[in-house]
Amino acid sequence: MKFKSISLLLLAVATTGYAQTKKTAPTNVSQTPAQQTVLISGYPIQPVEISNVKVTDDFWLPIIKRVQEKTIEYAIVKCSEEGRFENFLIAGGVKQGTVKGVMPFDDSDVYKIIEGASNSLISSPDKKLEVLLDSLISIVKIGQEKDGYLTTWRTINPAKPPADWVKVDKGVRWEYMNMSHEEYNAGHMYEAAAVHFKATGKRNFLDIALKNADLFVKTFGDGKDQIHAVPGHQIIETGLIKLYEITGKEDYLKLAKYFLDHRGDPSKKENYGAYAQDHKPVIQQDEVVGHAVRAVYMYAGMTDIAAIYKDAAYRAAVDKLWNNMVEKKTYITGGIGAKHDGEAFGANYELPNLTAYNETCAAIGSVYWNNRLFNLTGDVKYNDLLERTMYNGLISGISLAGTEFFYPNALEADGKFLFNRGACTRQGWFDCSCCPTNLIRFIPAIPGLIYAHQKNTLYVNLYMSNTADVVLDSGKLKVSQETAYPWNGKVKLSVNPEKEGSFIVKMRVPGWARNEVMPGGLYSYKNAAPAAPTLSINGKKVAATIKEGYFVIDRTWKKNDVVEVNFPMEVREVAASDKIADDKGKVSLEYGPLVYAVEEIDNAKTFGDISITKNTSFKVTHRPELLKGIYTIEGTSGKSKFTAVPYYSWSNRGIGKMEVWIPVASK
């Protein structure tokens with residue numbers, strides 16, 4: 001990472017008195033974090049770790065590097081300006097003052113920045129960044145109370161929360177947990193501490209997290225002197241499980257399950273209702289409802305429990321919830337959360353475009369959940385949805401400059417409706433800055449989604465140029481991809497085993513290449529599919545069939561074996577279910593995994609008249625000078641012409657109108 005301002009580093013060091021932290025293993029851990037995770041995670045399929053994958057891709061590498069080299073520093077500056085770090089110093093008595101910021105979960109922004117920077121360290125070691133993180137972590141430690149408690153606003157002044165919607169009565173810990181976000185802050189801290197330990201081997205952040213988690217274990221449960229309650233905003237569940245995977249301490253796992261088991265329990269001191277998925281026991285839930293981010297974080301935790309405990313009831317519940325989401329409540333971009341009110345899922349088939357919410361955090365949470373479901377089952381459908389979300393409704397949340405952000409991601413804009421928390425375009429920051437910092441923690445972790453392995457099988461889940469080191473039961477191998485995906489569907493996979501041996505390579509055939517828009521049938525292609533995908537091995541075409549969504553290559557592999565696949569791309573027209581009111585009489589356009597949108601800036605004179613007819617022809621044009629290099633769709637029908645750009649790239653050229661769903665002309 002190249003920080004423009006070294007003063008950030010010097011300020012952090014001067015403030016905290018940085019001391020080098022030794023690399024030591026946590027208690028009860030005799031193996032590396034990665035090895036321990038494999039042993040007790042419960043998932044039969046394991047990712048090929050970020051540390052073993054080097055992305056060289058023309059599409060994804062610039063996005064990852066932009067976050068590493070620009071967005072992380074930008075967010076540190078913003079957090080410094082808004083007092084995020086100062087709160088820890090005030091809580092610890094190093095400085096005097098009142099709570100800075102207006103959200104009870106501002107601490108979590110610091111944790112997410114540390115997590116994203118730690119993921120960056122895994123793939124791109126950087127001593128200056130590591131020192132900076134040590135300094136930020138020592139700032140965090142200052143704010144922790146002696147018994148492990150860590151929520152700065154309560155420590156500073158428990159009777160005066162930063163937001164007026166946070167209720168206080170006695171002004172004590174764990175009061176009105178639905179909005180206090182004490183557990184949400186802790187969950188992000190645990191997630192970040194686990195990644196930082198994996199990246200550096202250092203205990204400095206992990207020890208802070210474990211001390212806090214031990215307090216939670218002591219405080220919550222069914223014991224006589226314990227609090228019988230569950231988190232308001234979920235994520236502590238997955239964080240606790242990550243600490244369990246590192247330490248093997250079952251108390252963390254049991255508490256995560258306790259928090260999930262007791263949602264919907266009317267005997268609790270406070271119930272939060274459907275908004276926070278607390279309306280019925282989780283194993284009885286079969287419709288995705290309420291706050292979409294809370295929901296998908298909870299579903300990820302439920303999937304962890306299903307995997308670790310092999311719990312059939314949890315597994316049945318997550319299947320029902322996932323099916324409801326993709327069959328009735330997911331946008332064509334993979335976005336979820338239809339309503340601004342409550343940042344929530346709407347009713348079945350309630351998917352408005354102009355007022356769509358589609359919070360960036362919800363897209364990230366959906367990817368985390370779908371990745372878990374794939375690791376549990378190996379089912380191709382989860383990576384189909386993951387890919388759709390990543391290329392469309394997720395990276396749309398960050399500008400091409402890396403310093404402006406969408407909180408909601410609308411599918412239509414009129415240039416007037418202030419859909420993005422008071423703006424018609426991306427903003428540089430928010431009082432509630434969860435989405436920018438969530439992008440920071442997620443994007444550097446993308447290399448860990450490309451490959452996975454199970455016994456003697458290698459899964460190739462995503463297509464982007466990279467090199468990777470993999471260990472299967474048969475031995476070590478190096479693999480590499482060369483591709484211009486998503487702009488064309490040709491992929492060259494080189495496979496180099498350390499020694500000749502038999503194993504299986506399963507290459508995902510994307511849903512769009514199998515003539516399926518999205519699992520569940522909510523959307524369908526109107527025009528005919530292009531040619532079928534093809535497979536060649538060492539230059540010879542193979543008459544391979546697609547089995548459960550994969551090209552399955554089971555052979556004896558030798559050094560320098562080369563597999564080439566081609567997923568033919570054409571512009572496809574997509575129709576929505578008739579039950580989606582806003583999309584009736586309209587189509588959206590796709591090219592490969594990308595959803596397209598028409599913007600007023602490209603169609604200034606004709607925007608209001610753009611339509612698709614049965615005679616409309618499409619041409620895909622490379623525009624290297626436009627929006628950091630894209631392929632546009634040029635539509636022509638008679639004398640009528642229009643230009644569409646990838647949805648993720650819209651609103652990078654100022655405020656204007658936009659549509660994903662284009663009217664179909666009656667003639």
Applying side-chain contact (heavy atoms from CB on, under 4.5 Å) to Asp107 and Glu182, what does each step give before you reach the verdict?
CA-CA 10 Å; Asp107 296 354; Glu182 292 156 287; over 6 Å; no

Please evaluate residues Ile90 and Val99 with respect to the criterion side-chain contact (heavy atoms from CB on, under 4.5 Å), reporting the C-alpha separation (whole Å), side-chain torsions for both, the decisive distance (0.1 Å), and the verdict.
CA-CA 8 Å; Ile90 297 170; Val99 175; over 6 Å; no

Apply side-chain contact (heavy atoms from CB on, under 4.5 Å) to residues Phe85 and Cys79 and explain how you reach the verdict.
CA-CA 7 Å; Phe85 306 117; Cys79 284; 3.8 Å; yes

Checking Glu343 against Tyr407 for the side-chain hydrogen bond (donor to acceptor under 3.5 Å, both in side chains) test, could you report, in this order, the C-alpha distance in whole Å, the side-chain angles of both residues, the deciding distance, and whether it holds?
CA-CA 10 Å; Glu343 303 181 326; Tyr407 193 115; 2.9 Å; yes

Intermediate values then yes/no, side-chain contact (heavy atoms from CB on, under 4.5 Å), Leu411 and Asn358:
CA-CA 9 Å; Leu411 272 74; Asn358 287 338; 3.2 Å; yes

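Contact check on Glu130 versus Lys127 returns a salt bridge, with a Lys/Arg side-chain nitrogen under 4.0 Å from an Asp/Glu carboxylate oxygen. One finds no salt bridge joining Lys619 and Glu634 here, because no Lys/Arg side-chain nitrogen approaches an Asp/Glu carboxylate oxygen to under 4.0 Å. Ion pair Lys100/Glu82 not flagged as a salt bridge, since none of the NZ, NE, NH1 or NH2 atoms sits closer than 4.0 Å to an Asp/Glu carboxylate oxygen.
In terms of the side chain to side chain donor-acceptor pair (under 3.5 Å) criterion, Asn603 has no residue partners (sequence neighbours excluded). Glu599 pairs by the salt bridge (Lys or Arg N to Asp or Glu O under 4.0 Å) definition with Arg653, not counting sequence neighbours. When the side chain to side chain donor-acceptor pair (under 3.5 Å) test is applied to Asn119, no partner is found at least two apart in sequence or on another chain. For Glu482, the salt bridge (Lys or Arg N to Asp or Glu O under 4.0 Å) test picks out no residue, with sequence neighbours left out. Evaluation of the side chain to side chain contact (heavy atoms under 4.5 Å, CB included) rule for Thr425 yields Ser651, Ile655 as partners, not counting sequence neighbours. The side chain to side chain donor-acceptor pair (under 3.5 Å) test applied to Arg421 returns no partner, not counting sequence neighbours. Scored by the salt bridge (Lys or Arg N to Asp or Glu O under 4.0 Å) test, Lys141 finds no partners at all (sequence neighbours excluded). Asp106 pairs by the side chain to side chain contact (heavy atoms under 4.5 Å, CB included) definition with Arg84, Met103, Asp109, not counting sequence neighbours. Take Lys65 and apply the side chain to side chain donor-acceptor pair (under 3.5 Å) test, not counting sequence neighbours, and it matches Glu69. Every residue meeting the side chain to side chain contact (heavy atoms under 4.5 Å, CB included) condition with Ala75, not counting sequence neighbours, appears here in chain and number order: Ile113, Trp429, Ile440. Ala597 is linked by a side chain to side chain contact (heavy atoms under 4.5 Å, CB included) to Tyr647, Met658, Val660, counting only residues two or more places apart in sequence or in another chain.
Side-chain contact between His196 and Lys202 is present, with at least one heavy-atom pair separated by less than 4.5 Å. Counting heavy atoms from C-beta outward, Phe442 and Leu394 have side chains that approach closer than 4.5 Å. Counting heavy atoms from C-beta outward, Val67 and Pro444 have side chains that approach closer than 4.5 Å. When side chains are defined from C-beta on, Tyr382 does not count as touching Arg372, because their heavy atoms never get closer than 4.5 Å. For the pair Arg388/Val517, a side-chain contact is recorded, criterion being any heavy-atom separation below 4.5 Å from C-beta on. Contact of the Trp512 side chain with the Met569 side chain is registered, since non-hydrogen atoms from C-beta on lie closer than 4.5 Å.
Scanning both residues, Cys424 and Gly415, for their nearest heavy atoms gives SG-O, 3.6 Å. Scanning all heavy atoms of the two residues, the minimum distance from Lys242 to Ala194 falls at CB-CB, 4.1 Å. For Pro486 against Leu594, the heavy-atom pair with the smallest separation is CG-CD1, 3.9 Å. For Glu590 against Ile332, the heavy-atom pair with the smallest separation is OE2-CD1, 3.6 Å. Here the closest non-hydrogen pair linking Val598 and Ala644 is CG1-CB, 3.9 Å. Closest non-hydrogen pair, Cys361 versus Tyr297, comes out as O-OH, 4.4 Å.
His181 has its ring centre less than 6.0 Å from the ring centre of Phe105. The aromatic ring centres of His291 and Tyr357 sit 6.0 Å or more apart. Aromatic rings of Phe59 and Tyr648 (six-membered ring for Trp) have centroids within the 6.0 Å cut-off, being under it.
Looking only at distances, a side-chain donor or acceptor of Asn392 sits under 3.5 Å from a matching main-chain atom of Pro593. The main-chain N or O of Cys434 is found under 3.5 Å from a side-chain atom of Thr437 such that the two form a donor-acceptor pair. Not a single donor-acceptor pair under 3.5 Å links the side chain of Asn204 to the backbone N or O of Ser138. In terms of modelled atom types and a separation under 3.5 Å, the side chain of Asn461 and the main chain of Tyr451 share no donor-acceptor contact. Here the side chain of Ser123 pairs no donor or acceptor atom with the backbone of Ile50 at under 3.5 angstrom. Formation of a donor-acceptor pair under 3.5 Å by the Tyr463 side chain with backbone atoms of Gln481 is not found in this model. A distance-only check finds a donor-acceptor pair linking the side chain of Asp414 to the backbone of Phe417 [under 3.5 Å]. Judged by distance alone, with hydrogens and angles left aside, the side-chain atoms of Asn212 form no donor-acceptor pair with the main-chain N or O of Ile208 at under 3.5 Å. A distance-only check finds no donor-acceptor pair linking the side chain of Ser480 to the backbone of Thr467 [under 3.5 Å]. Between the side chain of Lys490 and the backbone N or O of Phe567 there is no donor-acceptor pair closer than 3.5 Å.
Rounding to the nearest 0.5 angstrom, the gap separating the NZ atom in Lys381 from the CG atom in Leu386 is 14.5 Å. Considering OG1 of Thr151 and CH2 of Trp153, their distance stands at 8.0 Å, rounded to 0.5 Å. Note that OG1 of Thr360 is 8.0 Å distant from CG of Asn420, once rounded to the nearest 0.5 Å. For the atom pair Ser396 OG and Asn409 CG, the distance stands at 3.5 Å (nearest 0.5 Å). If you take CD on Glu191 and CD1 on Ile114, they are separated by 13.5 Å, rounding to the nearest 0.5 Å. With values rounded to the nearest 0.5 angstrom, Leu462 atom CG is found 6.5 Å from Ile450 atom CD1.
The aromatic rings of Phe642 and Phe618 sit perpendicular, their planes meeting at an angle over 60°, well past the 30° parallel limit. Ring geometry for Trp650 against Phe419 counts as parallel: the plane angle stays under 30°, on a 0 to 90° scale with 60° as the upper cut.
For the side chain to side chain donor-acceptor pair (under 3.5 Å) condition, the pairs that include at least one residue of residues 51-61, sequence neighbours left out, are Trp60-Tyr391.
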